[in-house]
Amino acid sequence: MKCIVNGTVVLKDKEIKADVLINDGGRIEKIGSFMIPAGCEVTDAAGKYVLPGIIDMHVHFREPGYEGKEDIETGSRAAAHGGVTQVACMPNTDPVCDNAVVVSYIVHRAKEVGLCKVHPVGAITKGQKGEALADIGKMKNAGAIALSEDGKSVMNSQIMRLGMEYGNGFGLKCLCHCEDINLADGGCVNEGFNSTMTGLKGIPRAAEDIIISRDICLAESIGCPVHICHVSTWSGVEIIRAAKVRGVKVTAETCPHYFALTDDCITSFNTFTKVNPPIREEKDRQAIIRGLKDGTLDCIVTDHAPHALKDKQVEYSLASFGISGIETSFALSYTYLVKSGVMTLPELMQKMSYVPAQILRLEGGEIKEGAPADLFIADLDATYKIDSSAFLSKGKNTPFIGMEVSGKVCKTFMDGRETYSE
Ligand code: DOR
Ligand code: ZN
Ligand code: ZN
């Protein structure tokens, strides 16, 4: 038995002062005040918060193939450091995760590492080439929990429709990376004032919005659910809001960099600000925050995209897209959304844990009796500057270096087992 005492526990819709008892099966036995059983291992969380383990439904752990950028072990360690207990990892590996062998490799390797529940996302098409559907049924049987072509869109709408239909038949949702490849072609930042001033080629909002619209349209016409990845545009938020009003089964995510930054940061030519979709303007940032608040945007993910320094220490237009985000998402979200008064802490944790569990139909996402003891202890008063040298991820590529945030992960538990301790 283990016990976390004296903390403030964040339940699904409220926070309470309570102790949490964890049984030897790794589940939450009791929440409240009770006699601590003899021989119980006690963790004192006085002055701290006990929060549901974050479920980050969009990460790149890079294994197999790009272990120089990240592997399942370092990704899992980084996750635990970020308060994350479950992730969905995207298929743009080498080989692409488009078959049962790669899916089961990831499942088995992640279990061996044992620091985070890693759920593979299968590619929609073979080799992510956008031509022939991948082995969807076999990937499902091997443990894939969703489908995605992340890194790009399936540009052929007929293939995309088939992917949605087949996926739906196997209970796998499509997680849509929305980018019209012809409109985005060669761009590396948001198209606007700052792209003009810097001379960097822009990616217009329309490149994202067109595919968001298309994928909603496809899902609506065949009556299956769809999930929109990393929404970055104000107009994308509007499109999703309107679809929800019509009753389309659409869910959507955004990332901390879209509500914490504007493209003013690209004027430094710091390649750590290069991400796809690009960081947009203040109007977009405000719309993303409003969308999170009113439920148009259902959840917060990181799109954790670790890269080696050599992939970033090149001129802006040649640098790889992506931000290493899994170790900063809680602090950034807490700082920008809760401390600033946009939402309450239980509301934030729903967006980071409960809702992703619902979208992917995973067990967990909430601190309650009987649930797996996936949780973390955070010191919300701890204020510090983000320091990428403290990351456990191989990817040190963050545009947030030196930014002051509040909210520090002190300890993380997965199935009652400690996976991180500061
Ligand atoms: O910034 C990004 N990085 N966006 C993507 O869609 C892919 C990702 C990656 O794999 O690095
Ligand atoms: Zn993507
Ligand atoms: Zn991604």
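First listed ligand is number 1; within each ligand, the first listed atom is number 1. Computation of the quantities below employed the complete heavy-atom set of this structure, encompassing side-chain atoms and omitting hydrogens, waters and symmetry-equivalent molecules.
Under a 4.0 Å N-O distance rule, the pair Asp185/Lys201 does not qualify as a salt bridge. The residues Arg77 and Glu73 are annotated as salt-bridged, a charged nitrogen and a carboxylate oxygen being separated by less than 4.0 angstrom.
Glu253 and His227 form a side-chain donor-acceptor contact under 3.5 Å, judged by distance and modelled atom types alone. Glu131 and Thr125 share no donor-acceptor pair across their side chains, judged by distance under 3.5 Å alone. Between the side chains of Ser406 and Lys339, a donor-acceptor pair is found at a separation under 3.5 Å. A side-chain N or O of His60 and one of Asp150 form a donor-acceptor pair less than 3.5 Å apart.
For the Zn ion (ligand 2), protein N/O/S neighbours under 2.8 Å (waters excluded) are Asp150 OD1, His177 ND1, His230 NE2.
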Before you tell me yes or no, could you show the steps for Ser195 and Glu191 under side-chain hydrogen bond (donor to acceptor under 3.5 Å, both in side chains), namely the whole-Å CA-CA distance, both residues' side-chain angles and the distance that decides it to 0.1 Å?
CA-CA 6 Å; Ser195 65; Glu191 182 180 274; over 6 Å; no
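The closest side-chain heavy-atom distance from Cys97 to Ile106 is below 4.5 Å. In this structure, Cys176 and Met160 have side chains that are in contact, with non-hydrogen atoms separated by less than 4.5 Å.
Sorted by chain then number, the residues whose non-hydrogen atoms approach ligand 1 to under 4.0 Å are His60, Arg62, Asn92, Asp150, Gly151, His177, Val275, Asn276, Asp303, Ala305, His307, Phe321, Gly322.
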